[in-house]
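Below: the structure, in structure tokens.
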Protein chains: 2
Amino acid sequence: MARPAQSMTGAPELPADVLNQDCPSRSVLRHLTDRWTPMIVTVLADGRRARFTELRRTIQGVSPKVLTETLRSMERDGLVARQVTASIPPRVDYWLTELGASTVAPLAELRRWAEANVGVIEQNRQRYDESLDGE
Amino acid sequence: MARPAQSMTGAPELPADVLNQDCPSRSVLRHLTDRWTPMIVTVLADGRRARFTELRRTIQGVSPKVLTETLRSMERDGLVARQVTASIPPRVDYWLTELGASTVAPLAELRRWAEANVGVIEQNRQRYDESLDGE
DNA sequence: CCGTATCCAAGGTGATACTG
DNA sequence: CAGTATCACCTTGGATACGG
């Protein structure tokens, strides 16, 4: 699905589809980077299944409403599958589809970058804020 | 900076720092996935420098205000450097620091995932929406 | 247990005009 | 040219209570 280079329009070459205002890949990227999406993917990595409450407990701070919304959105995009077991009490399981599983590596890399560099970044922020005091 | 496993608390093992409510890596991840951050990184990859207007033109749809805010935030985190040349007209150049350059690979992978799978996802969305019509 | 309904707060985002 | 100032929006996210 690579966009053919727009070399005939005379427009400057864009290095990526996503820079294009109308490219729908923007909405995909946005979804992938929704607040809770990377965490859901993290929990469901390696083929793990999880029930709603399990996700809610593991992903600290997420509200049921937003968790539902995010899961629905991911289900709509085909990233997660959902299975309802009509028992009492009811049981709903979530897991990653094949497509969803293919996001694990990219998202994990990003997450690990954040976890690995949070220390440096906090130092940078402090230094930056202090350098502003003198102005 | 890996968090020591909380195995002594009896709490369930979290597979990632970011799942922890108070872990500051959450804010780092949030910033990396800000609306325009991945695009700025894309444009400044491979050591490319760019002026403000150049960024604004390349990243279609970004407003000057938000572009400024995002660049400031990235500068504060130490991801981009900024050089002012006091000429007339003035000139300001931006480029990635070493730390910023280390985000290129993870973010590019994510971007490429979005661009590669936008087709499938749009189909999935359509199918999902249609399947809802029958209810 | 698994959500939905409701209401509300926050802030990210945007359009535009203007200035050094 | 490179922003800032201002205003407004409106989506995202959150708290809570309730329902199947």
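Within every chain, numbering begins at 1; the chains are lettered A, B, ... in the order of the sequence lines, protein sequences first and strands thereafter.
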Answer with base, sugar-phosphate or nothing: what part of the nucleic acid does T68(B) contact at a heavy-atom distance below 4.0 Å?
-> base
Using heavy atoms and a sub-4.0 Å distance, could you list which residues of residues 79-90 of chain A are near DNA chain D? By number, please.
-> P90(A)
Could you state the CZ-P distance from R56(A) to dG3(C), rounded to the nearest angstrom?
-> 11 Å
E115(A) side-chain N/O to V18(B) backbone N/O, donor-acceptor pair under 3.5 Å = yes
Distance-only donor-acceptor pairs under 3.5 Å for side chains of residues 39-48 of chain B, two or more places apart:
| from | atom 1 | to | atom 2 | distance (Å) |
| --- | --- | --- | --- | --- |
| T42(B) | OG1 | P38(B) | O | 2.7 |
| T42(B) | OG1 | R111(B) | NE | 3.4 |
| R48(B) | NE | V43(B) | O | 2.8 |
| R48(B) | NH2 | T42(B) | O | 3.1 |
| R48(B) | NH2 | V43(B) | O | 3.3 |

If you look only at distance, which donor and acceptor atoms sit under 3.5 Å apart when one is on a side chain in residues 98-107 of chain B and the other is two or more places apart or in another chain?
| from | atom 1 | to | atom 2 | distance (Å) |
| --- | --- | --- | --- | --- |
| S102(B) | OG | W113(A) | NE1 | 2.9 |
| S102(B) | OG | L99(B) | O | 2.5 |
| T103(B) | OG1 | G100(B) | O | 2.6 |

For T97(B), all residues meeting side chain to side chain donor-acceptor pair (under 3.5 Å), sequence neighbours excluded | none
So, R49(B) and Q83(B): side-chain donor and acceptor under 3.5 Å apart, yes or no?
-> yes
Under the side-chain contact (heavy atoms from CB on, under 4.5 Å) test, residues paired with P64(B) that sit two or more places apart = F52(B), R56(B)
Under-4.0 Å side-chain N/O to phosphate OP1/OP2 contact, Y94(B) with dG3(D) | yes
Tell me which nucleotide among dA2(D), dT16(D), dC2(C) gets nearest to the side chain of V92(B).
-> dA2(D)
Those residues that, when tested against S27(B), pass side-chain contact (heavy atoms from CB on, under 4.5 Å) (two or more places apart) | R125(A)
Could you run down the sub-3.5 Å N/O contacts of the protein with nucleotides 7-13 of chain C?
| from | atom 1 | to | atom 2 | distance (Å) |
| --- | --- | --- | --- | --- |
| dT13(C) | OP1 | R30(A) | NH1 | 3.4 |
| dT13(C) | O3' | R35(B) | NH1 | 3.4 |
| dT13(C) | O4 | K65(B) | NZ | 2.8 |

Please determine, by modelled atom types, if H31(B) and T37(B) share a side-chain donor-acceptor pair under 3.5 angstrom.
-> no
Tell me whether the OP1 or OP2 atom of dT4(D) has a side-chain N or O from R72(B) closer than 4.0 Å.
-> yes
Not counting sequence neighbours, which residues clear side chain to side chain donor-acceptor pair (under 3.5 Å) with R82(A)? List them please.
-> Y94(A)
Please list, chain by chain and in numerical order, all residues satisfying side chain to side chain donor-acceptor pair (under 3.5 Å) with R72(A), sequence neighbours excluded.
-> none
Return the minimal non-hydrogen interatomic distance between R51(B) and P90(B), and the atom names on each side.
-> NH2-O, 3.5 Å
R76(B): partners by side chain to side chain donor-acceptor pair (under 3.5 Å), with sequence neighbours left out = D129(A)
Near DNA chain D, which residues from residues 42-52 of chain B have a heavy atom under 4.0 Å away?
-> R51(B), F52(B)
As a check of understanding: the bend across the helix from dC1(C)-dG20(D) to dG20(C)-dC1(D), end axes from five pairs, rounded to 10 degrees, works out to 50°
Would you mind reading off the distance between L55(A) atom CG and dC1(C) atom P, rounded to a whole angstrom?
-> 14 Å
Does the side chain of L110(B) reach to within under 4.5 Å of the side chain of L32(A), using non-hydrogen atoms?
-> yes
Once you round it to whole Å, what is the distance between P of dG3(C) and CG of L67(A)?
-> 9 Å
